[in-house]
Protein chains: 2
Amino acid sequence: MENPRPPATLADVAERAGVSRQTVSNAINNPDLLRPDTLARVQDAIESLDYTPNQAARHLRTRSSHLIGMRLTPAQEYTANTTMDRFVHALVEASREAGYHVLLFSGGRVAEGELPDPLGGYDDLLRSTAVDAFVVTDTYLGNPQTVGLTLRRAPFVAFGRPWDDANAQHPWVDVDGAAGVQAATEHLRGLGHERIAWLGWEPGSRIGEDRRAGWHRTMVAHGLSTTGLEAAVPDTVAAGREAAATLLDASDCGPTAFVCASDTLAVGALHTLAARGLTPGDDVAVVGFDDSQVAQVMGLTSVRQPLEEAAVHLVAELRLLLAPVPTEPGGVLLAPRLEVRTSSTRG
Amino acid sequence: MENPRPPATLADVAERAGVSRQTVSNAINNPDLLRPDTLARVQDAIESLDYTPNQAARHLRTRSSHLIGMRLTPAQEYTANTTMDRFVHALVEASREAGYHVLLFSGGRVAEGELPDPLGGYDDLLRSTAVDAFVVTDTYLGNPQTVGLTLRRAPFVAFGRPWDDANAQHPWVDVDGAAGVQAATEHLRGLGHERIAWLGWEPGSRIGEDRRAGWHRTMVAHGLSTTGLEAAVPDTVAAGREAAATLLDASDCGPTAFVCASDTLAVGALHTLAARGLTPGDDVAVVGFDDSQVAQVMGLTSVRQPLEEAAVHLVAELRLLLAPVPTEPGGVLLAPRLEVRTSSTRG
DNA sequence: GTGAAAGCGCTAACAA
DNA sequence: TTGTTAGCGCTTTCAC
């Protein structure tokens, strides 16, 4: 029933169909070139032999592996950060529809006290022509990857804006964090909140600054004061818990709502509310960012990045990049969506 | 500084080192065959040309891609199920150390109302010789994959026991769920609990039955009754919440602790406690399964699967499987570890 | 210990 | 429209 013997080759199909190997190749790659009856005959042979082109041979000949490389950053446990994983799923799906597969690699173990090599893992894959292009996702830290890859003439698309480089020459796709936080803040304002606090990250992160800007500009637009309504802390639950407590205590008239730079910080805020017997939504509203599983199961209102959409755009940019006729690299900015749950709705 | 031109080939290195191409190949694959000085000369040339063997050519010639295929199952949102993602990270890392990369693929979109093809995606990769082997992770559903892959003589290692097939001929690695739940139950017993309830899945899942067995045998071993202390529901937060409420109400003397088949169900139980003003740990203890990020940030005691270890074993089995001398396929059962947090410890 | 020849399976270029 | 030729870069024989 099945085939224990080696897979059929192009030559097998050609022999079976009574045509040359090249004709079979054309039947697969340029079916228009064949006369309908020849095509049908070849397709029959392909089907009956269960033929699939050998990837290695095709890869060697065409210099295209149909593989997209993506470096997996170490999983962050004890946080609610799940964006990377959701993105991997989305990318695999989007790639499949474009005829690509995703090759995952890691930067390698980083020795104690050493900085990780920003290009670790990329170089080998590049020189060995194992992948056609990269998706670079960890530009968040200040993207030394994009510079290095550009120097090496490696095709790549970034998931993340080229913050530090206005005239970057690579395509990118990003999510408009400021717009997401703005939507969150407007949502809270619409519910009557006026003292809306920002629970954000320490300075130095462009993403963090961007998200904060969404809060700040919305407050200003509504003529609301931001004084004493802001904290900048590391991205941990404990830091969020403490910062929320401090904000609630410090102001003469404490915040009635928190907008957070991450679900992790938002969970910290929820812990503080619970410890004080305050009900999320009813007493104090909390909104997070990322729509992690944590937010979903805790009923935390959160800003959801459209990662599926982002992946589709990334793959589209990639195909443009790899197309024979080079195109101007594009940038795509997507709007996130607010997922409203009980942590922000008065019951 | 960098190389805008095509990567160096073996021939380039040979010319530079003043040897034949074959000698360069030997320098890489069988260094022992060369005289030390020749070897050194070749290695110099390799370094100065920044040479890395072309994967496609090597793959074509050796029939080995050094790629491990793994099918990504659709992400489960609104649950705390994060095992698959943690496993992917672990597998990428373990593969790297063995000189392999991980190729991700998806089963393809499933049409409305149709069952997904259990072998979707596998076949093409197999026939096109794109991957050397598979890691099959979704055996949980009753593994039609393993049967199909065996028929096709595809090398694979399963993450999950061959439940339905005592004399399965493929290697596998699994985590002893019963032992994990037993540890959780013992933990609760050690804290003085006697009415320990099992919040489990509906029948039909071997994994679910296995985990339940860990609870049941521990209760029996301690001479504790299990009557009225058990629920079998779908794996959702809402189901867990309702089941926990029912269990608390139904018994004359309700359970003082819940052991759950998943973090998702455990979160449901926590919701019920919160709604009744009960404090987890102090009033009623709750233990989950999977050590998801949700458990970590909510302070939920949970059974953690040793996925890093599992990945290392999987890759080891894979290498055995792909080695020239075939070995008896092995099975490895790993013990999980209980991560104790505040949801089970009296304050 | 080193080199020469052959060929893995495919497709780009050209010839018929 | 179809067939022929050549070669992608590498490794596996087998001579030297």
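Every chain is numbered from 1, with letters handed out A, B, ... down the list of sequences. It should be emphasised that the depicted structure is a prediction, and the values quoted were computed from it without experimental measurement.
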Okay, side chain of B:H66, backbone of B:G99: is any donor-acceptor separation there less than 3.5 Å?
-> yes
So, is A:R63 near the phosphate of D:dG9, with a side-chain N or O under 4.0 Å from OP1 or OP2?
-> yes
Could you go through nucleotides 2-6 of chain C and list every protein N or O atom that sits under 3.5 Å from one of its N or O atoms, giving the distance for each pair?
unit_1	atom_1	unit_2	atom_2	d
C:dT2	OP1	B:R35	NH2	3.2
C:dT2	OP1	B:T38	OG1	2.3
C:dT2	OP2	B:R35	N	3.0
C:dG3	OP2	B:S20	N	2.9
C:dG3	OP2	B:S20	OG	3.2
C:dG3	OP2	B:T23	OG1	2.6

Does a side-chain N-to-carboxylate-O contact under 4.0 Å join A:D12 and A:R16?
-> no
Separation of A:R127 atom CZ from D:dG9 atom P, in whole Å?
-> 16 Å
Can any side-chain N or O of B:S65 pair as donor or acceptor with the backbone N or O of B:A130 at less than 3.5 Å?
-> yes
Starting at atom CG of B:L10, determine the distance to atom P of D:dT12, rounded to an integer number of angstrom.
-> 12 Å
d(CG, A:N30; C1', D:dT2) in whole Å = 13 Å
Just one of B:H89, B:E93, B:E97 clears the side-chain hydrogen bond (donor to acceptor under 3.5 Å, both in side chains) bar with A:S106, so which one?
-> B:E93
Euclidean distance, atom CD of residue B:E15 to atom P of D:dC10 [Å, nearest integer] | 14 Å
Calculate the interatomic distance between B:L60 atom CG and D:dC8 atom C1'; express it in whole Å.
-> 9 Å
May I ask you to evaluate whether B:Y51 reaches the phosphate of D:dC10, defined as a side-chain N or O under 4.0 Å from OP1 or OP2?
-> yes
B:P171 side chain reached by B:L321 side chain, heavy atoms, under 4.5 Å | yes
Rounded to the Å, how far apart are B:Q55 CD and D:dC10 P?
-> 10 Å
Measuring from B:F134:CZ to B:L67:CG, what's the distance to the nearest 0.5 Å?
-> 10.5 Å
Taking CD1 from A:I28 and C1' from C:dG9, how many angstroms apart are they, rounded to a whole number?
-> 11 Å
How long is the line joining NE2 of B:H66 and C1' of D:dC10, in whole Å?
-> 13 Å
